[in-house]
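The structure appears below as structure tokens.
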Amino acid sequence: MKKTNTLLSICTRCRDGREDMYENRGGTRLAKEFMKRANEQIGFSVRGVYCMSQCKRPCVVSFTAADYFTYSFGDLDPECSEHIDALFTFAEMYASAPEGFVLRNDRPEVLRAGILGRYPPIKTASELVSTLSKNKSNLLQS
């Protein structure tokens, strides 16, 4: 994988309800499992975040990059290798997509259901984003 400016953030404080069994939090286990499988050539940066404030949907990660959409995902299981694989798969898709925009049906299955948010970059050419003004004729109709 070529080096990109992609940054994967993993919440290390998420509780998944199995802390007694594993003696540490689900988010910490997710980060450890991800890093065990990562190699020096992964092509993107990874960081732990003390809390990402998505406690009802643990375990949580986000993908971001300059001038790219930011994606947040939850409901990840640190004990499920398919969930870890999905993060690697999505990272490649994200890095190669224009503005990092990855369609729902193209994402790995677990990241379809686990989406918490997709936020556009400040400067974007995406048709999903429009400028709103106080002039009522410019507001979108629902």
Hey, can you tell me if Phe69 and Tyr71 have their rings parallel, tilted or perpendicular (30° and 60° cut-offs)? tilted
Looking only at heavy atoms, which two atoms of Cys14 and Pro58 are closest? And how far apart? CB-CB, 3.6 Å
Between Asp77 and Arg18, the two heavy atoms sitting closest are OD1-NH2, 2.6 Å
Do you know the tightest heavy-atom contact between Thr12 and Arg25? O-CB, 4.1 Å
If we ignore hydrogens and angles and just use 3.5 Å, is the side chain of Thr6 paired with the main-chain N or O of Ala65 as donor and acceptor? no
Within a strict 4.5 Å, meaning less than it, do heavy atoms of the Ile84 and Leu76 side chains meet? no
What are the two closest heavy atoms between Ala113 and Asp75, and how far apart are they? O-OD2, 4.5 Å
Nearest-0.5 Å distance, CZ of residue Arg57 to SG of residue Cys11: 14.0 Å
Close side-chain approach of Leu111 to Thr89, heavy-atom, < 4.5 Å: no
Check whether any side-chain heavy atom of Ser62 lies under 4.5 Å from a side-chain heavy atom of Met52, and answer yes or no. yes
About how many Å separate CZ of Arg15 and OG1 of Thr28, when rounded to the nearest 0.5 Å? 10.0 Å
Please collect all side-chain hydrogen bond (donor to acceptor under 3.5 Å, both in side chains) contacts where either partner lies in residues 109-118, sequence neighbours excluded, each pair once. Glu109-Arg112
Hydrophobic clustering (ILVMFWY, side-chain heavy atoms < 4.5 Å, transitive) - are Ile122 and Leu132 grouped together? no
Are Val110 and Met93 co-members of a hydrophobic cluster defined by side-chain heavy atoms under 4.5 Å apart? yes
Are Leu7 and Tyr119 linked, directly or through other ILVMFWY residues, by side chains that come within less than 4.5 angstrom of each other? no
With Phe63, which of Phe90, Phe101, Tyr68, Phe88 fulfils ring pair (Phe, Tyr, Trp, His ring centres under 6.0 Å)? Phe90
Taking atom CG as the centre, does Leu103 end up with more than 12 heavy-atom neighbours from other residues, nucleotides or ligands that are less than 6.0 angstrom away? yes
Just wondering, do Pro78 and Asp16 contact through their side chains at under 4.5 Å, heavy atoms? yes
Answer with yes or no whether the hydrophobic clustering places Val60 together with Val49; edges join I, L, V, M, F, W, Y residues whose side-chain heavy atoms lie under 4.5 Å apart. yes
What are the two closest non-hydrogen atoms of Arg107 and Val102, and how far apart are they? NH1-O, 3.4 Å
Please name the pair of heavy atoms, one in Ile10 and one in Gly27, separated by the smallest distance, quoted to 0.1 Å. CG2-O, 4.0 Å
Polar side-chain atom of Glu99 near backbone of Pro121 as donor-acceptor pair, under 3.5 Å: no
Do the non-hydrogen side-chain atoms of Lys32 and Asn24 ever get within less than 4.5 Å of each other? yes
Do Ser126 and Pro120 come within less than 4.5 Å of each other through their side chains, counting heavy atoms only? no
Side-chain contact, heavy-atom cut-off 4.5 Å: Phe34 with Leu8? yes
Should we say atom CD of Glu79 is surrounded by more than 12 heavy atoms from elsewhere, each under 6.0 Å from it? yes
Do the two ring centres, one from Phe44 and one from Tyr94, sit under 6.0 Å apart? no
